[in-house]
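Chain letters run A, B, ... following the sequence lines, proteins first and then strands; every chain starts at 1.
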Amino acid sequence: MALERDDDPKLADYAHPERLVTTEWLSRHLDEPDLVVVESDEDVLLYDTGHIPGSVKVDWHTELNDPVTRDYVDGARFAELLGERGIGRDTTVVIYGDKNNWWAAYALWVFSLFGHSDVRLLDGGRAKWVAEGRPMTTDVPSRPRVEYPVVERDDSVIRAFKDDVLAHLGKPLVDVRSPGEYSGELLHMPDYPQEGAVRGGHIPGAASVPWARAAAEDATFKSRAELEKIYEGEAGLSRNDEVVAYCRIGERSSHTWFVLTHLLGYGKVRNYDGSWTEWGNTVRVPIVTGTEAGKAEAGKAEPAKAP
Amino acid sequence: MTALPPRLEELVEDFSAVGPKDRLQLLLELSGELPALPARLAGSRDFMEQVHECQSPLFLAVEVSDDARVQLYFDAPLEAPTTRGFAGILHTGLDGEPAQAVLDVPDDFYVRLGLGEAVSPLRLRGMAAMLARIKRNVRERTA
């Protein structure tokens, strides 16, 4: 049974308020048997230094990714993981994490690929919970294992692959990396191999909206009006657009996917998880350098052919 | 193959003797044992350099004493235990060692820690960067 939604007035403004809970709501519901709180951080050890009482850890890198192929785990492994953490198909899952919920949003997006219906983010994440002096513990809960069904992952709706992006050129794209990564200049700095790509720049036509602009000082999401100003006023997106978001490996862009889909109510947003580490290393895909979005040739379905 | 400094060798053996979960536990302990900055360095990040390849901000200062021994100082937030753990490995293993012994540490020694599986190879890149910067500093100070 899904838990009641958080009727906090700030959340009510968002398109899908049922996808967020406040720290206040979570502290009142921590003991509910149908709720499992999941911490998902960039830092693989952070949970172990202290976490919200009763919460379990899901590590994005070692548990949600396939250990061999560059892909997410399959239905069987996902079922094994969730069942082992005491999460059933009908369990309400609230995910929180460090760095403005960056990795928490990534975990939520992967849960969504498997169609887990009631998965929410803690607005403000770990930072807000800690800042408010709410309880933390190093006790790791032992939740009884439950049966989670093996569900096939659906990559067709919210995930984009490289060929999808090539076919999408000319339609709205959002590059959520830092300005230096967007323009391509970061690759030219000495000693900083942070991209792992042989070319710097962005996908033609992509608007630059660094992901963390969606977060307020206290790590909560900005209000709907502020978000509309950024994504619609500045980046020129609109609600009925088909949008593809990308970053370096798809983590920061799942945060933006969450904002566009659940907070602003866009119905056709996909996350390109191959992102720059794939695009910037791919032979003959079009790239734009500098601060201008650049033009994309609409409907160009594949890279330029050899002369 | 060059032998590692004794305390670093001991750490490598500790890590490789246990499974992935216990390796994480060891890393967490090392993260807790990383000493705080001495008063003369605390609050003066100008004298320290940032290791940008780490996921979280890590500041590093390297000193070489008159008898050519290396002193290492690290500063990383408590919210970054993995980065602190990497720093803890290097501090425990290399602090006080002769400059030449530090320069002789193979750049890929951390592969032997077996953390790739527990932490993921992507996260280990920060460790390689820290060692590279330590060596560069030692070279500059002993040139």
Open item on the list: Could you go through Leu78(B) and Thr49(A), starting from their C-alpha distance and side-chain angles, then the distance that decides it, and tell me whether this counts as side-chain contact (heavy atoms from CB on, under 4.5 Å)?
Closed with: CA-CA 9 Å; Leu78(B) 290 171; Thr49(A) 67; over 6 Å; no
Open item on the list: Taking the side chain as everything from C-beta on, heavy atoms only, tell me whether Leu45(A) gets closer than 4.5 Å to Leu27(B).
Closed with: yes
- [ ] Indicate the atoms forming the closest heavy-atom contact of Pro81(B) with Asp43(A), along with that distance.
- [x] N-OD2, 3.2 Å
Open item on the list: Can you tell me how far apart NZ (Lys99(A)) and CD (Glu79(B)) are? Round to the nearest 0.5 Å.
Closed with: 9.5 Å
Task: Engaged part of Asp41(A) at the chain B interface, taking heavy atoms whose separation is under 4.5 Å - done: backbone
